[in-house]
Asks: 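Let me begin by handing over the structure; questions about it come next.
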Number of protein chains: 2
Amino acid sequence: MKTRDRILHVSLLLFNEEGESHQTAVDISNALDISPGNLYYHFKGKDAIIRTLFDRHDAEMKIILNGARGRLAQIEDSWIYLYILLEEIYDFRFFYRDLGLLLDRYPDLAVRFRGITGQMRHALVDMFDELTAGSVLRLDPRLRDVLTDQVMTTLTFWLAEDRLNTDRHDGPSLIHKTVLQVMCLLPPYMGEEGVDALAGLFEHYDRVTA
Amino acid sequence: MKTRDRILHVSLLLFNEEGESHQTAVDISNALDISPGNLYYHFKGKDAIIRTLFDRHDAEMKIILNGARGRLAQIEDSWIYLYILLEEIYDFRFFYRDLGLLLDRYPDLAVRFRGITGQMRHALVDMFDELTAGSVLRLDPRLRDVLTDQVMTTLTFWLAEDRLNTDRHDGPSLIHKTVLQVMCLLPPYMGEEGVDALAGLFEHYDRVTA
DNA sequence: GTCTATAAATGGATAGAC
DNA sequence: GTCTATCCATTTATAGAC
């Protein structure tokens with residue numbers, strides 16, 4: 001593995017585990033057993049590392065968010081889709097745990113991040129529209145937008161929120177919990193089947209976390 | 001106005017407007033036209049200022065959160081209550097915009113903040129239970145908890161989220177939008193009246209933001 | 001590519017005069 | 001209570017040898 005890649009790999013690890021703001025350029029080079037000078041040879045600094053990591057996340061998110069188009073006709077599809085999305089976000093969790101800080105330190109990333117949330121929002125609206133078109137949901141446009149806002153808040157801040165709790169979840173169970181939280185918003189708009197759907201959600205959740 | 005109070009006043013202003021992390025002890029003393037040394041005479045540093053500001057917020061939140069007990073029997077009461085809560089949070093918005101950062105810089109505040117969210121959560125559960133007891137809502141305990149989680153996420157991160165948008169709201173309209181977002185979660189559980197309630201919510205929102 | 005050594009920049013903090 | 005001057009710590013960043 002080339003040094004450049006090792007730097008990226010270990011940085012992501014450290015950022016995710018210890019928090020980006022706690023890791024200095026020297027910490028990263030220590031963890032890699034290389035000198036700070038060497039690190040600076042490969043990257044202009046922590047900034048450049050973060051930007052490169054963001055590039056990856058951005059590219060992966062684009063693929064995920066575009067890949068959904070017209071394929072979320074069933075409730076089960078949305079369910080699985082959410083897992084995929086949350087897992088991708090989880091892989092770059094350091095970013096979502098300090099969004100505010102990072103985005104005003106790197107205004108260029110802020111612009112691109114807004115691009116991601118824009119696409120994410122779009123994907124959600126498409127999903128709701130498809131489900132509505134297929135009579136799975138009954139949702140007027142106005143309500144759909146409020147619901148989208150609600151889901152966007154959750155998808156953006158679930159990781160930041162977990163950090164505030166005393167008893168933190170591990171990755172998988174946090175993802176489960178968050179998917180449940182989002183899916184629980186839908187049954188009220190599913191008509192008759194909503195009641196069963198809700199029971200199914202809780203059952204699945206209990207089974208998975210048991 | 002005593003220097004000590006001026007420091008607190010101006011610090012809150014600066015933190016809210018420019019962001020806490022951008023303001024150094026020297027910036028604050030400059031804004032006040034006093035020397036850094038003088039500032040350090042009154043407070044051990046930025047830490048001590050932040051702690052004192054947090055004390056205020058904490059005390060005010062305690063009053064608000066305890067004051068609700070048994071007084072939220074009607075939907076309209078919850079509505080007003082939310083406004084009061086959001087306005088208090090807005091007054092100390094610098095805190096909520098960088099929660100993660102602040103809480104791991106000051107672990108003692110993290111503990112106290114968890115106290116606040118715990119009380120907030122409790123107040124919400126009480127509110128839902130009262131509304132359910134009064135047959136305003138139909139909500140089983142399990143669903144109530146998920147709904148509480150959902151509302152907590154919104155109440156904790158509405159300010160952080162606004163920061164991510166290109167077109168930022170001003171204070172009042174952001175508060176309106178957030179109250180709407182929360183209240184829109186309830187109509188599905190209001191039975192027949194839910195439909196009217198929802199229409200009422202949208203109408204009110206449009207009227208206020210027009 | 002990688003090292004060591006060191007400079008430069010920032011922000012937090014204190015000593016001592018007035 | 002308030003000021004000036006100064007120090008200290010941390011972290012980023014570079015120069016030059018190997």
Side-chain angles (χ1 to χ4, degrees), chain A residues 1-55 94-95 97-98 100-110, chain B residues 1-55 94-95 97-98 100-110:
Chain A
M1 205 177 192
K2 283 178 129 57
T3 302
R4 195 190 137 88
D5 292 325
R6 287 181 58 223
I7 293 173
L8 288 172
H9 183 246
V10 168
S11 296
L12 180 58
L13 228 71
L14 283 177
F15 291 164
N16 278 342
E17 294 315 309
E18 314 292 337
E20 180 273 337
S21 58
H22 293 142
Q23 304 305 313
T24 70
V26 177
D27 291 330
I28 296 171
S29 54
N30 280 345
L32 284 157
D33 258 309
I34 63 172
S35 68
N38 192 4
L39 187 142
Y40 272 89
Y41 169 79
H42 290 284
F43 291 95
K44 280 228 179 281
K46 226 175 66 170
D47 298 21
I49 296 176
I50 289 174
R51 263 175 246 278
T52 308
L53 289 174
F54 183 83
D55 287 343
F94 81 92
F95 203 79
R97 284 203 277 236
D98 278 307
L101 187 72
L102 283 164
L103 295 192
D104 75 35
R105 190 137 46 95
Y106 311 114
D108 53 321
L109 292 194
Chain B
M1 206 180 194
K2 284 180 134 53
T3 302
R4 196 190 136 88
D5 291 325
R6 286 181 58 223
I7 292 174
L8 289 172
H9 183 246
V10 168
S11 296
L12 180 58
L13 228 69
L14 283 178
F15 291 163
N16 278 342
E17 294 314 310
E18 315 291 337
E20 181 271 339
S21 58
H22 293 143
Q23 304 304 311
T24 70
V26 177
D27 290 330
I28 297 172
S29 54
N30 280 344
L32 285 157
D33 257 307
I34 64 172
S35 68
N38 191 6
L39 187 143
Y40 272 89
Y41 169 80
H42 289 283
F43 291 94
K44 280 227 178 280
K46 225 175 68 171
D47 298 21
I49 296 176
I50 288 174
R51 264 176 245 278
T52 308
L53 289 174
F54 183 83
D55 287 344
F94 82 92
F95 203 78
R97 284 204 277 236
D98 279 305
L101 188 73
L102 284 164
L103 296 192
D104 74 33
R105 191 138 45 96
Y106 311 114
D108 54 319
L109 292 195

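Values reported hereafter were calculated over all heavy atoms of this structure, with side chains retained and with hydrogens, waters and symmetry mates removed.
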Asks: Kindly say whether B/D27 contributes a backbone atom to a donor-acceptor pair with the side chain of B/N30 at under 3.5 angstrom?
Replies: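 It does not hold such a pair.
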Asks: Could you tell me whether a side-chain N or O of A/R6 sits under 3.5 Å from a main-chain N or O of A/M1, the two making a donor and an acceptor?
Replies: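 Pair absent, no side-chain N/O of A/R6 close to backbone of A/M1.
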Asks: Tell me, please, the opening and closing nucleotides of DNA chain D, 5' to 3', among those with an atom under 4.0 angstrom from a non-hydrogen atom of chain B.
Replies: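 Under 4.0 Å from chain B, the extent on DNA chain D is D/dG1 to D/dT4.
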Asks: Would you jot down, in residue-number order, the residues of residues 21-36 of chain A having a non-hydrogen atom under 4.0 Å from DNA chain C?
Replies: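 A/D33, A/I34, A/S35, in order of number.
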Asks: Rounded to the nearest 0.5 Å, how far apart are CD of B/E17 and CZ of B/F94?
Replies: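 With rounding to 0.5 Å, CD (B/E17) is 12.5 Å from CZ (B/F94).
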Asks: Could you pull out all residues at least two apart from B/D33 that satisfy side-chain contact (heavy atoms from CB on, under 4.5 Å)?
Replies: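 With sequence neighbours excluded, B/D33 shows a side-chain contact (heavy atoms from CB on, under 4.5 Å) to no residue whatsoever.
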Asks: When the distance from NZ of B/K46 to P of C/dG11 is rounded to whole Å, what number comes out?
Replies: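 Rounding to the nearest Å, NZ of B/K46 and P of C/dG11 are 9 Å apart.
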Asks: Compare every heavy atom of A/L39 with every heavy atom of A/S29, then report the nearest pair and how far apart it is.
Replies: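 Minimum heavy-atom contact is N-CD1, 3.9 Å.
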Asks: Below 4.5 Å, heavy atoms only, C-beta onward: do B/I34 and B/H42 meet side chain to side chain?
Replies: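 Heavy-atom side-chain distance check fails, nothing below 4.5 Å.
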Asks: Closest heavy-atom contact between A/D98 and B/G100?
Replies: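 Heavy atoms of A/D98 and B/G100 come nearest at OD1-C, 4.3 Å.
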Asks: Atom CG in A/L101, atom CD in A/E20: separation rounded to 0.5 Å?
Replies: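 One finds 6.5 Å between CG of A/L101 and CD of A/E20.
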